[in-house]
Protein chains: 2
Amino acid sequence: MAKENLKLDSTTEERIKEAARAVFIKKGFNGTRTRDIAEEAGINLALLNYYFRSKERLFEIIMFETMLGFMQQMALVFNEESTSIKQKVEKMVDSFTELLLREPNIPLFIMSEIRNDATGFLEKLPVANMVMSSVLVKQYQEAYKNGKVKEANPLHFITNLMALVQFPFIASPLLKKMGNMSDPMFREFMLERKQIIPRLIGLSDK
Amino acid sequence: MAKENLKLDSTTEERIKEAARAVFIKKGFNGTRTRDIAEEAGINLALLNYYFRSKERLFEIIMFETMLGFMQQMALVFNEESTSIKQKVEKMVDSFTELLLREPNIPLFIMSEIRNDATGFLEKLPVANMVMSSVLVKQYQEAYKNGKVKEANPLHFITNLMALVQFPFIASPLLKKMGNMSDPMFREFMLERKQIIPRLIGLSDK
DNA sequence: GTCTATAACGTGATAGAC
DNA sequence: GTCTATCACGTTATAGAC
């Protein structure tokens, strides 16, 4: 465990995984060369196959962990027992924005790779259950019964929320171009949206 | 011009372009094999290079035309002189939804390829001017002065609009999974959003 | 213009020395 | 465990016959 560390912690295996994560998320599976990963990790190409057998196996691990992390982030807020819908929306927007400011390429990565769907990871993840049986959805259905929201289908609500937070990161090159924004300005832009999005979603405190 | 047509119009050159468009938009540049395009077009692989010199050149043509078409669709509504903001929003949502129901993969295609940005097509397109100097943006700024909208920056308004329409298509596999939706059900879901989105954007008639 | 055959190259993976 | 050298294969592109 305590060998001589280059500058981080991490065994060789972990350094490869971190490098793979960075390159895959930036370039996607098809755009990534195993040589890129090896270089990023500062190791030899052969070591990649020594530890992970193949590019595909390494990718599946990264993809699985990334999606799982993303969903757990959602589940954490969606299933809080003691907060109102409005509070959950604010928390969601806040925590997702912070997450995506750190790793802005995750949404486009996930959507792109799901489109390809070589190995069918979508089937393996309980994404349907996780969202639709969450506390948040139950609260939303309750709110609909009480006439607090106009739309019956909670999926529209979820869609709106995810769209308003994630889309700007997916379209960031276009938005930066349109608004003549530098990276720090784009960051400010996204921070502003923490106030704007809950207002748009428009829920009365319950 | 009037040769014997297989089932469509189109010279060989156009059939290759149409095939290329279909395959590129579905699989992206890196995911596409020139053999796929040749097969889809029903021609020999060598013909592709005969007409277009290289995969990259063919791709650039497709990419350019696709982005241009997308922007013209926007420009058309954004620059109407005689309609209110609210009417423009309704038209935008309607026409974009119809467009994307026909070609659902366009948004993810555009965003993915812009991320890679091999040839710098983003620089070549006047996307900044087109949007920010549109009639719609001018109307929005006027509305802000009159206290009709709360947010000063029109880019948030544009972002919200594009996000709410385009994101569901980008995330469609996830949404279908979550809502247990077949393709026809997803179509219905998107048609419902034609009513929901203008309500969310929430502008008074002006 | 359209085809077949093949060259040229890039990439994933492995053999084998250390 | 880690490296160098190399194989094996898929893919783009082209030469040349028709």
Side-chain angles (χ1 to χ4, degrees), chain A residues 1-64 112-113 116-119 121, chain B residues 1-63 112-113 116-119:
Chain A
M1 244 341 144
K3 295 162 75 174
E4 27 104 22
N5 303 337
L6 270 182
K7 54 174 74 173
L8 290 157
D9 48 57
S10 67
T11 68
T12 298
E13 182 169 358
E14 291 210 15
R15 283 181 47 215
I16 296 175
K17 254 179 71 173
E18 280 171 37
R21 181 179 163 84
V23 179
F24 276 138
I25 286 180
K26 188 168 180 197
K27 303 190 175 181
F29 180 78
N30 284 324
T32 295
R33 314 285 95 120
T34 51
R35 283 168 172 79
D36 300 342
I37 297 175
E39 188 182 3
E40 174 87 9
I43 53 107
N44 189 278
L45 171 59
L47 274 185
L48 190 151
N49 289 289
Y50 173 76
Y51 281 105
F52 295 97
R53 212 178 65 96
S54 76
K55 177 188 178 185
E56 261 200 354
R57 265 189 60 75
L58 179 52
F59 176 76
E60 278 170 30
I61 293 169
I62 301 299
M63 181 69 187
F64 184 79
S112 296
E113 300 304 329
N116 302 351
D117 195 3
T119 47
F121 29 68
Chain B
M1 244 342 145
K3 296 163 76 174
E4 29 104 18
N5 303 338
L6 272 181
K7 55 173 73 174
L8 288 156
D9 47 54
S10 67
T11 68
T12 299
E13 183 169 358
E14 291 210 17
R15 284 182 46 215
I16 296 175
K17 255 179 69 173
E18 280 171 37
R21 181 179 163 84
V23 179
F24 276 138
I25 287 180
K26 187 167 180 198
K27 301 189 176 182
F29 179 79
N30 284 323
T32 295
R33 312 285 94 119
T34 50
R35 282 170 171 77
D36 300 341
I37 298 175
E39 188 183 2
E40 174 88 10
I43 53 106
N44 189 276
L45 171 59
L47 276 185
L48 191 150
N49 290 289
Y50 174 75
Y51 281 106
F52 296 96
R53 214 179 63 96
S54 76
K55 177 188 177 185
E56 260 200 353
R57 266 189 58 77
L58 179 53
F59 176 76
E60 279 170 29
I61 293 170
I62 301 299
M63 181 68 188
S112 295
E113 300 305 329
N116 300 353
D117 195 4
T119 47

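Being a predicted model, the structure only gives us computed values, none of them experimental. To find a chain, count down the sequence lines: A is the first, B the second, and so on, and within it residues start at 1.
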From [atom1] of [X] over to [atom2] of [N], roughly how many Å is that when rounded to an integer?
X	N	atom1	atom2	result
B:Asn30	C:dT11	CG	P	10 Å
B:Glu39	D:dG10	CD	P	16 Å
A:Asn49	C:dG16	CG	P	16 Å
A:Leu48	C:dT11	CG	P	15 Å
B:Ile16	C:dG1	CD1	P	11 Å

### Summary
side-chain contact (heavy atoms from CB on, under 4.5 Å) filter on A:Phe64, not counting sequence neighbours, yields A:Leu68, A:Leu125

#### Entry: Results of side-chain contact (heavy atoms from CB on, under 4.5 Å) for A:Tyr50 - residues two or more places apart only
A:Leu47

#### Entry: Evaluation steps, side chain to side chain contact (heavy atoms under 4.5 Å, CB included), between A:Lys17 and A:Phe52
CA-CA 9 Å; A:Lys17 254 179 71 173; A:Phe52 295 97; 3.7 Å; yes

Dump every N/O contact between nucleotides 5-9 of chain C and the protein below 3.5 Å, one line per pair.
none

Sequence neighbours excluded and cut-off under 3.5 Å, please list the side-chain donor-acceptor pairs for residues 22-34 of chain A, or say none.
from    : atom 1 : to      : atom 2 : distance (Å)
A:Thr32 : OG1    : A:Gly28 : O      : 2.6
A:Arg33 : NH2    : A:Asn30 : O      : 2.4

Distance check, rounded to the nearest 0.5 Å: [X] atom [atom1] versus [Y] atom [atom2]?
X	Y	atom1	atom2	result
B:Leu58	B:Lys55	CG	NZ	10.0 Å
B:Glu60	B:Ser54	CD	OG	7.5 Å
B:Leu48	B:Thr12	CG	OG1	12.0 Å
A:Ile62	A:Glu18	CD1	CD	9.5 Å

### Query
Is it true that a side-chain atom of B:Arg15 and a backbone atom of B:Ala41 form a donor plus acceptor pair closer than 3.5 Å?
yes

### Query
Between C:dT2 and B:Thr12, is there an OP1 or OP2 to side-chain N/O distance shorter than 4.0 Å?
yes

### Message
Can you tell me if A:Thr34 touches the phosphate of C:dG12, counting only side-chain N or O atoms and a distance under 4.0 Å to OP1 or OP2?
### Response
yes

### Query
Are more than 12 heavy atoms from other residues, nucleotides or ligands located less than 6.0 Å from atom CD of B:Glu39?
no

### Query
For DNA chain D, what residues of residues 51-60 of chain B have any heavy atom nearer than 4.0 Å?
B:Arg53, B:Ser54, B:Lys55

From the set [options], return the single nucleotide nearest to any side-chain atom of [X].
X	options	result
A:Ile43	C:dG1, C:dC3, D:dC3	D:dC3
B:Leu47	C:dT14, C:dT2, D:dT11	C:dT2
B:Tyr50	C:dA13, C:dG1, C:dG12	C:dG1

## Note on the structure
the helix from C:dG1-D:dC18 to C:dC18-D:dG1: angle between terminal helix axes, five bp per end, to the nearest 10 degrees, reads 10°

### Query
If we only count heavy atoms from C-beta on, is the A:Ile37 to A:Glu40 side-chain gap below 4.5 Å?
no

